[in-house]
> 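Mind looking over this structure? Questions follow.
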Amino acid sequence: METKETTKLGFTDFAETWNGRLAMLGFAIGLATEFLTGQGILSQLGLM
């Protein structure tokens, strides 16, 4: 009998799903910020 893994740490489907969702959210926020300010991320951070 196989037992289902209940941990939510490591490379699990649960963790990878949330990692992807948060990456997409961060990318969308970055694009919106660049569009609204007219400056790139590096320019906003003072690196360029």
Side-chain angles (χ1 to χ4, degrees):
M1 177 188 241
E2 293 182 27
T3 59
K4 189 169 185 178
E5 192 175 327
T6 59
T7 183
K8 293 189 178 176
L9 297 174
F11 292 103
T12 62
D13 288 339
F14 178 82
E16 292 300 313
T17 300
W18 275 100
N19 185 35
R21 288 175 182 170
L22 293 175
M24 288 186 281
L25 183 63
F27 186 73
I29 289 172
L31 284 178
T33 303
E34 287 189 26
F35 178 72
L36 292 173
T37 63
Q39 297 180 344
I41 290 285
L42 295 177
S43 177
Q44 290 178 20
L45 295 174
L47 298 175
M48 286 187 71

> Would you check if there is a donor-acceptor pair between the side chains of Gln44 and Thr33 at a distance under 3.5 Å?
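No.
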> Report the distance from atom CD of Glu34 to atom CD1 of Ile29, rounding to the nearest 0.5 Å.
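Separation between the atoms: 13.0 Å.
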> Running the 4.5 Å side-chain criterion over Ile, Leu, Val, Met, Phe, Trp and Tyr, what cluster does Leu45 land in, apart from itself?
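Same cluster as Leu45: Ile41, Leu42, Leu47, Met48.
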> Quick one: list whatever passes side chain to side chain contact (heavy atoms under 4.5 Å, CB included) with Leu36, sequence neighbours left out.
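With neighbours one apart ignored, the set is empty.
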